[in-house]
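Everything below concerns the one structure shown next.
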Amino acid sequence: MDIADYYRQLGLRSGASLSQVKASYRQLARQYHPDVNPGNEQAKNKFIAITEAYKFLVNIAPPDVAESKVGNSTVPPTSTPPNRAVKAQRQAVKVTRKEPPVQLSADLSAAEEKLKQEAYVELQQLLKYQRFPRAIALIEGLAQRIPEDLEVRQWQAIAYQRWGRHLIGERQVDKARIYLKKALKTDPHNRALWAEVERDFRRLEQIY
């Protein structure tokens, strides 16, 4: 079962928010709970299915607060400063080149900017040669050093997703599932990432 199937179990569209997941589950759980339907095997199976879907989605569904900030922002777009032109070279690390550049959420010091650029170059090499554990250790360390940087968070999510996809090829299903979920929790609003992770979960289902 892929992510879209879990959402369908709760009667929701893919990408529904955490509060929608919780509200739908509460409603369906009251309807199909075994105590309300004694001896009804069909209701029991439905209750098991929606509970499984809820346990999965509650860990990855996007929070409402972040959605509100993104959807209702009135801040006009700003042009990219000339000294940030190096960002154009960073786009290759993203799942798709169609995604717009991620603006920094906080100003970085010169030392932090230099650290970020150097880490990016190293991350590219580690991902290229499939040295995923080292790539994840690198980007997690950078995320601790610059916790408010949205671009670093995106790189971190992609490293998790790439490692999860590799683990699928190695038939390490449980470990792959863990890292794919971590990818979605790290960068829940990246639609391109969601599309890739959904594809990975479909591959996971084919293994069973």
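Values in this document were obtained by computation on a predicted structure and should not be read as measured data. The basis for the numbers below is simple: all heavy atoms, side chains too, and nothing from hydrogens, waters or symmetry mates.
Taking both residues in full, the closest heavy atoms of Leu204 and Leu180 are given as CD1-CD1, 4.0 Å, listed atom of the first, atom of the second, then distance. Contact detail for Val36 and Arg30: the closest heavy-atom pair is CG2-O, 3.6 Å. The minimum heavy-atom distance between Asp187 and Leu193, with the atom names listed, is O-CD2, 3.7 Å. In terms of heavy atoms, Tyr7 sits closest to Arg13 at CD2-O, 3.4 Å. The shortest non-hydrogen separation linking Ala176 to Gly164 is CB-O, 3.4 Å.
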side-chain contact (heavy atoms from CB on, under 4.5 Å), that's the test. Do Leu12 and Arg8 meet it? Break it down for me. CA-CA 5 Å; Leu12 298 170; Arg8 280 194 290 270; over 6 Å; no
As a quick check of understanding, evaluate side-chain contact (heavy atoms from CB on, under 4.5 Å) for Arg131 and Arg134, giving each step before the final call. CA-CA 6 Å; Arg131 302 172 73 175; Arg134 286 193 59 183; 2.6 Å; yes
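The CG atom of Leu10 sits 12.0 Å away from the CZ atom of Arg26 when rounded to the nearest 0.5 Å. From Ile146, atom CD1 reaches atom CG of Leu115 across 5.5 Å, with rounding to the nearest 0.5 Å. One finds the CD atom of Gln156 at 10.5 Å from the CG atom of Leu123 (value rounded to the nearest 0.5 Å). Rounding to the nearest 0.5 Å gives a distance of 8.0 Å between CD of Gln31 and CD1 of Ile50. Note that the CD atom of Gln125 and the OH atom of Tyr129 stand 5.5 Å from one another [nearest 0.5 Å]. A distance of 10.0 Å separates CD1 in Ile168 from CD in Gln206, rounded to the nearest 0.5 Å.
No hydrogens or angles considered: a donor-acceptor pair under 3.5 Å links the side chains of Gln20 and Ser17. There is no side-chain donor-acceptor pair under 3.5 Å between Ser24 and Tyr54. For the residue pair Asp200 / Gln161, a side-chain donor-acceptor distance below 3.5 Å is found, with atom types taken as modelled.
Within the cation-pi definition used here (under 6.0 Å to the ring centroid, within 45° of the axis), Lys182 does not qualify as a partner of Trp163.
Between Glu112 and Lys116 no salt bridge is recorded (no basic side-chain N to carboxylate O distance below 4.0 Å).
Between Phe201 and Tyr6 there is no side-chain heavy-atom pair separated by less than 4.5 Å. Using a 4.5 Å cut-off on side-chain heavy atoms (C-beta onward), Leu126 and Phe132 make no contact. Taking 4.5 Å as the limit, every side-chain heavy atom of Tyr25 sits out of range of all side-chain heavy atoms of Leu57.
The ring-ring contact (aromatic ring centres under 6.0 Å, His included) test applied to His33 returns Phe47, not counting sequence neighbours. Partners of Ala49 under the side-chain contact (heavy atoms from CB on, under 4.5 Å) rule, at least two apart in sequence or in another chain, are Gln9. Considering only residues two or more places apart in sequence or on other chains, Ala43 meets the side-chain contact (heavy atoms from CB on, under 4.5 Å) condition with Tyr32, Asn37, Asn40.
Considering Gln117, Glu122, Gln124 as possible partners of Tyr120, the one that fulfils the side chain to side chain donor-acceptor pair (under 3.5 Å) test is Gln124. Among Arg202, Arg165, Arg162, the single residue meeting the salt bridge (Lys or Arg N to Asp or Glu O under 4.0 Å) criterion with Glu196 is Arg165.
Val121 and Leu127 fall within the same hydrophobic cluster, where Ile, Leu, Val, Met, Phe, Trp and Tyr residues are linked whenever their side-chain heavy atoms come under 4.5 Å apart, directly or through other members.
Residue Lys181 qualifies as enclosed at atom NZ: its count of foreign heavy atoms under 6.0 Å is above 12. Within a 6.0 Å sphere centred on NZ of Lys22, heavy atoms belonging to other residues, nucleotides or ligands number 12 at most.
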